[in-house]
Amino acid sequence: RPGLIEARPRSDFNMATFHQEVKYRGCIQVTHWTPTSAQPRPGLIEANACVKRIMDQAKHSTVVLLSASPDGGIKCVDTNFQPPKVIMRNSVYEIAHCGVDVSRPRLFTCIVGTKGEHAQFFCHVFKCDSKETASKVTRAVAAVCTEAFQNHKQSAKAPAPARGPAKPASSGKSTDAAVKARQEKYRRASLKKQKPVKSIAKLTDDWFVPDMKRDEANAKLKSARVGDFFVRESSSQAGDYGIHVQTGKNIWTGLILQSKDGFQLGNSNNDLFDELTDLVSFYMAKSFMNDDFGYPLMLRMPMRQEKQMQASSARAAPVMQQQVPQQQQWNPPPPQQSYQPPPQQQQPQQFYQPPPPTNAGTAPAVGFPGMNFDDPDEMSEFEKFMDSAEARAVDSSDDEMQNLEGAMQNMQAGGSDPFAPVQSAPVPAAPKKTIQSMAQAIYDDCEKDAEQCVSGKVVRPILMKSGLEIGVLGKVWMEVDQDRKGKLDKEQLALTLGLIAMAQEGKSISLESFNPDSGSLPNIEGY
């Protein structure tokens, strides 16, 4: 195992190098931090926050070789690959912070990145075998940075080599500055929104708190909904505004810049707005970043104003119905009967008397309207029809009577009664509701991808019906989705429901303590 620090003579190399074998826990981008004149780079507080975010993820570490030198910078190599895989390589001038974590002294953190208009910083976390080793690594990196700074000062004192005769001062400097200023004006003018934004936000709403302090805003947003936000006056940059947004697990802080051109969220070529309320209204309808769960994030109207809008919309609905003129229902007059029936003379009531039979020995035939049984020709045709094969085939009364007589005989002989009421079959009991059946029902209602999995975007609205906070649902999802695929199969969906049931009961969320046979079912509306 190589030593921690290999100090070499300055006469030979003029540098100090070190190599150390450590465990690499991961890298995460530094968020919820805004550069200021007092702190242009992230420091210890941001590093500790990054460590907490990495420790919340699934545990994954690999043994790497960490080295640093004034000229080569800091480098992290995974020697398990052939050739070795470079995980991290940055100049010493890109190191913003290095130190030992406050709550976990065996962890060494190193934040690297570049400052400026498009500043981006990333925090790398390493685990040492002891807190003494982590402290020594910190001092070694600090020594490398000090050596690089001393070399830079010595090179600055040395006279620069002559590169030819000095050029006279150009008379076009003022012209170039005017051209650049005009180009900058055109560039910023192009960022203006061509059409005015429908402003729904007001400075009298609860989101605008100009006198609120930074810590107070972050404290109030800890238990807020995803997308809830505050805008306050910046204490470090006069005239600008700080914005704090709840992103699910953390509080994101940014800067709203105010200039003569308008208001702008950050300084990365975002849109310009004439009013602060126009900017807030625009980002209430358009996403400007993703939340901590990977979904598009938009500003959310404060709860009090949201309820007021809903109430006003409910009151406006019946008013609109009253304003619509109702058409007068037209009732047509009753029709006047122009035809008057002629008066009928009242005649005595007559009763029907059948005609006397023509033949005393023949009974009158009834029940066949339209048939004249007095006509012998028509009667003979009728008899021929009744005796024909078609009539015998249509009339099945004889067969039905035979079947009825046979059934009666069987009943008298001790057979079953064909007229007894039929006993209905017993109704099967409803299937028992289980976590697997709930998962199957939710799985059937969701759209599947090519791998027959449901994505988080599809199943998220259903899981939110459990009533749990979005942060708790995020922990449940990360506990089940160990591979970070962003989707679940049917078995993983059942595990998710089981962990939701544990969270609803107030238990700690862990797959190790989950018992599928416990019988606890989650409470999800509609399922």
Side-chain angles (χ1 to χ4, degrees), residues 49 51-60 103-104 218-228 245-252 290-295 297 300 303 306-307 428-448 452-527:
V51 169
K52 292 180 180 179
R53 292 166 57 191
I54 287 182
M55 298 304 291
D56 289 340
Q57 300 177 0
K59 184 177 181 181
H60 178 74
S103 58
R104 300 172 179 84
N218 293 337
K220 288 187 175 182
L221 288 175
K222 282 186 178 180
S223 59
R225 306 168 299 176
V226 176
D228 284 346
V245 187
Q246 170 62 258
T247 60
K249 296 182 181 179
N250 302 282
I251 310 298
W252 178 83
N290 289 341
D291 61 14
D292 293 334
F293 308 101
Y295 298 101
L297 179 65
R300 190 166 185 176
M303 186 177 297
E306 194 174 87
K307 292 181 178 178
K432 184 179 179 181
K433 189 175 182 181
T434 61
I435 291 182
Q436 286 74 18
S437 63
M438 292 184 63
Q440 183 67 47
I442 297 176
Y443 183 79
D444 294 339
D445 292 344
C446 295
E447 182 181 356
K448 273 77 71 177
Q452 297 301 310
C453 296
V454 294
S455 64
K457 184 177 181 181
V458 174
V459 78
R460 179 186 185 184
I462 298 177
L463 299 183
M464 291 186 67
K465 294 181 180 179
S466 62
L468 297 178
E469 296 181 357
I470 192 67
V472 178
L473 291 177
K475 291 182 180 179
V476 171
W477 184 276
M478 295 177 66
E479 184 73 15
V480 177
D481 186 16
Q482 298 284 345
D483 298 333
R484 300 298 184 268
K485 293 182 178 180
K487 55 185 178 181
L488 303 176
D489 55 20
K490 186 165 60 176
E491 288 74 16
Q492 290 176 320
L493 185 58
L495 293 177
T496 303
L497 297 180
L499 295 184
I500 289 177
M502 295 177 62
Q504 290 176 341
E505 294 176 355
K507 300 179 181 179
S508 59
I509 302 173
S510 174
L511 286 176
E512 298 178 356
S513 58
F514 172 62
N515 182 14
D517 300 330
S518 62
S520 299
L521 298 178
N523 184 12
I524 298 180
E525 182 182 354
Y527 294 93

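- Here the side chains of I442 and L497 are in contact, with some heavy-atom distance below 4.5 Å.
- Rounding to the nearest 0.5 Å gives a distance of 6.5 Å between CG of D292 and CZ of R53.
- Counted within 6.0 Å of NZ on K307, heavy atoms from surrounding residues, nucleotides or ligands total 12 or fewer; the atom is thus considered open.
- The shortest distance between side-chain heavy atoms of L473 and F293 does not fall below 4.5 Å.
- Here the straight-line distance linking atom CD of E479 with atom CG of L495 works out to 10.0 Å at 0.5 Å rounding.
- Shortest non-hydrogen contact noted between L463 and S466 is O-OG, 2.7 Å.
- Residues C453 and K487 share a closest heavy-atom pair of CB-CD, 3.9 Å.
- Taking every heavy atom of both residues into account, P522 and I435 meet most closely at CD-CG1, 4.4 Å.
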Query raised in the report: Given W252 and L297, is the side chain to side chain contact (heavy atoms under 4.5 Å, CB included) satisfied, shown in steps?
Result: CA-CA 11 Å; W252 178 83; L297 179 65; over 6 Å; no
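- A 4.5 Å side-chain heavy-atom check between R460 and I470 finds at least one atom pair inside the cut-off.
- Here the OG1 atom belonging to T434 is positioned 10.0 Å from the CD atom belonging to Q440, to the nearest 0.5 angstrom.
- Expressed to the nearest 0.5 Å, how far CG of L468 lies from NZ of K475 amounts to 12.0 Å.
- Of the possible polar contacts, none joining the K249 side chain to the T247 backbone as a donor-acceptor pair under 3.5 Å is found.
- Shortest non-hydrogen contact noted between G456 and W477 is CA-CH2, 3.4 Å.
- K485 is not listed as a side-chain neighbour of Q492, based on a closest heavy-atom distance of 4.5 Å or more.
- In terms of heavy-atom proximity, V226 sits nearest to G248 at CG2-CA, 3.8 Å.
- Of all heavy-atom pairs spanning L221 and V245, the tightest one is CD1-N, 4.1 Å.
- Summarising the geometry, atom CD belonging to Q246 is positioned 15.0 Å from atom NZ belonging to K220; distances are rounded to the nearest 0.5 Å.
- E447 is not listed as a side-chain neighbour of V454, based on a closest heavy-atom distance of 4.5 Å or more.
- The neighbour count for E525 CD, taken as heavy atoms of other residues, nucleotides or ligands under 6.0 Å away, does not exceed 12.
- Distance check, rounded to the nearest 0.5 Å: OH of Y443 to CG of L488 gives 11.0 Å.
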